[in-house]
Amino acid sequence: MKTLNVALGERSYPIYIGPGLLERTDLLARHIRSKQVMIVSNEVVAPLYLERLKASLEAHDPVELILPDGEAYKSIDSAMRIYDELLARKFSRNATLIALGGGVIGDLVGFVAATYQRGVPFVQIPTTLLSQVDSSVGGKTAVNHPRGKNMIGAFYQPLCVLADTATLDTLADRELSAGLAEVIKYGLIRDPGFFDWLENNLESLLARDPEALAYAIERSCQNKAEVVAVDERETGERATLNLGHTFGHAIETGLGYGACLHGEAVAIGMCQAADLSRRLGWLSAIDVERIVALLERARLPVVPPPDLGAERFIELMAVDKKNVDGKLRLILLEAVGRATLPVGVEIEPLRRTLNEYGRH
Ligand code: NAD
Ligand code: GLY
């Protein structure tokens, strides 16, 4: 097992990474102080891993709540279902919530933990690659609004993150690829050596080589922990973690939540951001090709959906948390391994990227 630390003063917490951690009763016992514990999971993950987790938490006699699966359920209605259950069971302010699942469950349960009785402790147990390398770390919690992704949320840090890498054995190939989009993102925004490593080791990751996967998860979490430690509330560097996300969120909202996986939408968005960076003279055409090629090798989509035109994109991109005074700001690339902070972008080059990149 590898342990990393998210350094946030008295709210610091460990990220445990390794196979078989669901069975490690001692790890959870280090962090859970309450008698009352609720595990929230979904209909796909619970049949696979809930019993194992419950066995490790026997001393707490945890209760469970199983929600339907899918991005469409990262909603205020699902949050209400959890509040109802917590209140019906008279859960107190010291109770602990456990999120067992991918980023949808993690973001949703984190949001409920941040708001139930003004905040109760929670633990992240991420079971997808995407959630192990990104969403479980850093305390961004949210639900979607029909008009915009993650528009209702809070910054709220977990007690710990327990990433059992053995849970990835049951993950669908498409979901593994979606997670690789966020892994590649770290190489692109701040870790050029990691981007090189990914170019040399992508096939091992796709083949689920345990050593390669463990290395990619650790290095991704290390990058994320460093960024969060210096900029928890996204006043600066943390915004770079959103490379491709303004385009990507527009795709997710525009197509309807769940039609395109988050990681897939981010992959397309990173290609669009790279194309726009080239048009602004910051990135060479060779670098853009290198980026697109790696994402394609990761079996990710790299062109925007044909039925989402430029004007609809622009309308959807106007609903973004990086915008200031209603003005669009994007994360772009100055090189492979170096992202900009949010920059105000003129509409014409953006329109050209939206109309021309991947449209032929
Ligand atoms: P997800 O939670 O929908 O999981 C993907 C699919 O895999 C689901 O069908 C899920 O039930 C299934 N699944 C989960 N674990 C499994 C396992 N071990 N075996 C088999 N199937 C399994 O999606 P995701 O990609 O994990 O997360 C995407 C969400 O994360 C989006 O809502 C996105 O906005 C959010 N996100 C948040 C942050 C953040 O910082 N908070 C960062 C990135 C993404
Ligand atoms: N995934 C973006 C962030 O955590 O800031």
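Order of listing sets the numbers, starting from 1, for every ligand and every atom in it. Here the structure is a predicted model, which is why all the values come from computation and not from measurement.
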- Using the ring of each side chain (for Trp, its six-membered ring), is Y83 parallel, tilted or perpendicular to Y116, with breaks at 30° and 60°?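 Parallel.
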- Query: Going by the angle between their ring planes, with limits at 30° and 60°, are H245 and H262 parallel, tilted or perpendicular?
  - Reply: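 Perpendicular, since the angle between the ring planes exceeds 60°.
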Which is closest to [atom] by heavy-atom distance: [options]?
atom                    : options               : result
atom 12 (C) of ligand 1 : N150, V228, V44, T141 : V44
atom 35 (C) of ligand 1 : L100, L241, V45, D107 : D107
atom 34 (O) of ligand 1 : K149, K224, K140, E71 : K149

Go through ligand 1 atom by atom and flag the ones less than 4.0 Å from a non-hydrogen atom of [X].
X    : answer
D69  : 8 (C), 9 (O), 10 (C), 11 (O)
K74  : 31 (C), 32 (O), 33 (C), 34 (O), 35 (C)
D134 : 42 (C), 43 (C)
Y49  : 18 (N)
E182 : 43 (C)
L48  : 19 (N), 20 (C)

Select one of side chain, backbone, both or neither to describe which atoms of [X] lie under 4.0 Å from any atom of ligand 2, heavy atoms only.
X    : answer
V228 : neither
H245 : neither
V227 : neither

Side chain, backbone, both or neither: which part of [X] has a heavy atom under 4.0 Å from ligand 1?
X    : value
T170 : both
L261 : neither
L130 : side chain

Return the closest protein heavy atom for [atom] as residue, atom name and distance.
atom                    : answer
atom 38 (C) of ligand 1 : S135 CB, 3.2 Å
atom 22 (C) of ligand 1 : L171 CD1, 3.7 Å
atom 1 (N) of ligand 2  : D134 OD1, 3.3 Å
atom 3 (C) of ligand 2  : K140 NZ, 3.3 Å
atom 26 (O) of ligand 1 : T128 OG1, 2.6 Å
atom 15 (N) of ligand 1 : T127 OG1, 2.7 Å

[X] N/O under 3.5 Å from ligand 1 N/O:
X    : result
V104 : yes
T167 : yes
R238 : no
G103 : yes

Any Lys/Arg nitrogen of [X] or [Y] sitting under 4.0 Å from an Asp/Glu carboxylate oxygen of the other?
X    : Y    : value
R52  : D164 : no
E356 : R359 : no
D173 : R299 : no
K224 : D134 : yes
R190 : E237 : yes
R81  : E85  : no
D196 : R290 : yes

- Query: Any link between W282 and L350 through a network of hydrophobic side chains (Ile, Leu, Val, Met, Phe, Trp, Tyr) touching at under 4.5 Å?
  - Reply: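 The answer is yes; both residues are in one hydrophobic cluster.
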- Which atoms of ligand 2 are found less than 4.0 Å from any heavy atom of N242?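 Per the distance check, 2 (C).
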- For H249 and ligand 1, answer yes if some heavy atom of the residue is under 4.0 Å from a ligand atom, otherwise no.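 The answer is no, since H249 has no heavy atom less than 4.0 Å from ligand 1.
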- Message: Any atom of ligand 1 sitting under 4.0 Å from a heavy atom of E252?
- Response: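 It does not, in that no heavy atom of E252 comes within the 4.0 Å cut-off of ligand 1.
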For [X] and [Y], which I'm curious about, is there any donor-acceptor pair between the side chains at under 3.5 Å?
X    : Y    : answer
D231 : T235 : yes
S131 : S136 : no
R11  : Y156 : no
D275 : T353 : yes
Y257 : E252 : no

- Message: Taking distance alone, with N or O pairs closer than 3.5 Å, would you say K224 contacts ligand 2?
- Response: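 In this structure, K224 places an N or O atom under 3.5 Å from an N or O of ligand 2.
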- Trace of the salt bridge (Lys or Arg N to Asp or Glu O under 4.0 Å) decision for K140 with D107: CA-CA 7 Å; K140 275 192 181 174; D107 281 14; over 6 Å; no
- Task: List the atom of P304, the atom of F313, and the distance in Å for their closest heavy-atom pair.
- Result: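 The pair with the smallest heavy-atom distance is CB-CE1, 4.1 Å.
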